[in-house]
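The structure appears below as structure tokens.
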Amino acid sequence: MKLLLDTHILLWAAAGTLPGAAEKMVVDGDNTLYFSPASLWEIGLKKNLPGRDFQVDPEMLRRGLLDNQYQELPITGPHVLAVNYLPPTHKDPFDRILLAQATVEGLSLLTSDSTLRKYPGPVIFIPRGAAGS
């Protein structure tokens, strides 16, 4: 399976606190793991805000992801255009581009965002409260 990991799932993976269901998918060698530059951008923007979720250096995270065989999925014109066809269910531009990328590329979006699971399409929902279990 081809999986695009959302920002929180990436952060949990880097911290070693993935929920059991997500961990099984991430460590399964048959799965190809992708990350988006949108997640790095989101982390960079939010890392100086209050809250511990985004207290990671996006450059170090990127290097670690590449070193661990994650594939970087560039944001392309078709991805950006696909955002325009998404229902306005979710307002977060980072989540919207991740969903558009997954849809265009035929990937499953692995997410902990309950709003994203309301979209039809390639979303695999992992509850937040399950982190570290």
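Nothing here was measured: the structure is a model prediction, and the numbers come from that model. Atoms considered below: every heavy atom in the structure, side chains included; atoms not considered: hydrogens, waters and symmetry mates.
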To the nearest 0.5 angstrom, please state how far the [atom1] atom of [X] sits from the [atom2] atom of [Y].
X	Y	atom1	atom2	result
M25	L33	CE	CG	10.5 Å
K118	D113	NZ	CG	9.0 Å
L18	W12	CG	CH2	8.0 Å
Q71	L3	CD	CG	12.5 Å
L40	L10	CG	CG	7.5 Å
D57	R63	CG	CZ	12.5 Å

Exercise for review: May I ask you to test the F35-R62 pair for a side-chain heavy-atom distance under 4.5 Å?
Suggested key: yes
**Study point:** P122 and T103, any side-chain heavy atoms less than 4.5 Å apart
**Key:** yes
Check your understanding: Which is it for T111 and R117 under the side chain to side chain contact (heavy atoms under 4.5 Å, CB included) test, yes or no, and what are the steps along the way?
Key -> CA-CA 8 Å; T111 183; R117 74 189 236 185; 5.7 Å; no
What are the two closest heavy atoms between [X] and [Y], and how far apart are they?
X	Y	result
A13	Y70	CB-OH, 3.8 Å
T89	T115	O-CG2, 3.6 Å
S36	L4	N-CD1, 3.9 Å
F125	S112	CE1-O, 3.5 Å
I43	T7	CG1-CG2, 3.7 Å
A100	V83	CB-CG2, 3.6 Å

Donor-acceptor contact present, side-chain [X] to main-chain [Y], <3.5 Å:
X	Y	result
Y119	P87	yes
N31	M1	yes
Q101	L73	yes
R96	H90	yes

Check your understanding: Does CD belonging to E59 count more than 12 external heavy atoms closer than 6.0 Å?
Key ->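 It does not: E59 CD has 12 such atoms or fewer within range.
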Exercise for review: List in chain and number order the residues that pass side chain to side chain contact (heavy atoms under 4.5 Å, CB included) with K2, two or more places apart in sequence or in another chain; answer none if no residue qualifies.
Suggested key: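 Side chain to side chain contact (heavy atoms under 4.5 Å, CB included) list for K2, sorted by chain: T32, Y34, L107.
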Does [X] belong to the same Ile/Leu/Val/Met/Phe/Trp/Tyr cluster as [Y], with side-chain heavy atoms less than 4.5 Å apart forming each link?
X	Y	value
L5	I126	yes
L61	I9	yes
L98	I124	no
V26	V56	yes

Check your understanding: Who are the ring pair (Phe, Tyr, Trp, His ring centres under 6.0 Å) partners of F94, not counting sequence neighbours?
Key -> W41
Review point. Apart from V27 itself, which Ile, Leu, Val, Met, Phe, Trp or Tyr residues share its cluster (side-chain heavy atoms under 4.5 Å, direct or through members)?
Key: none
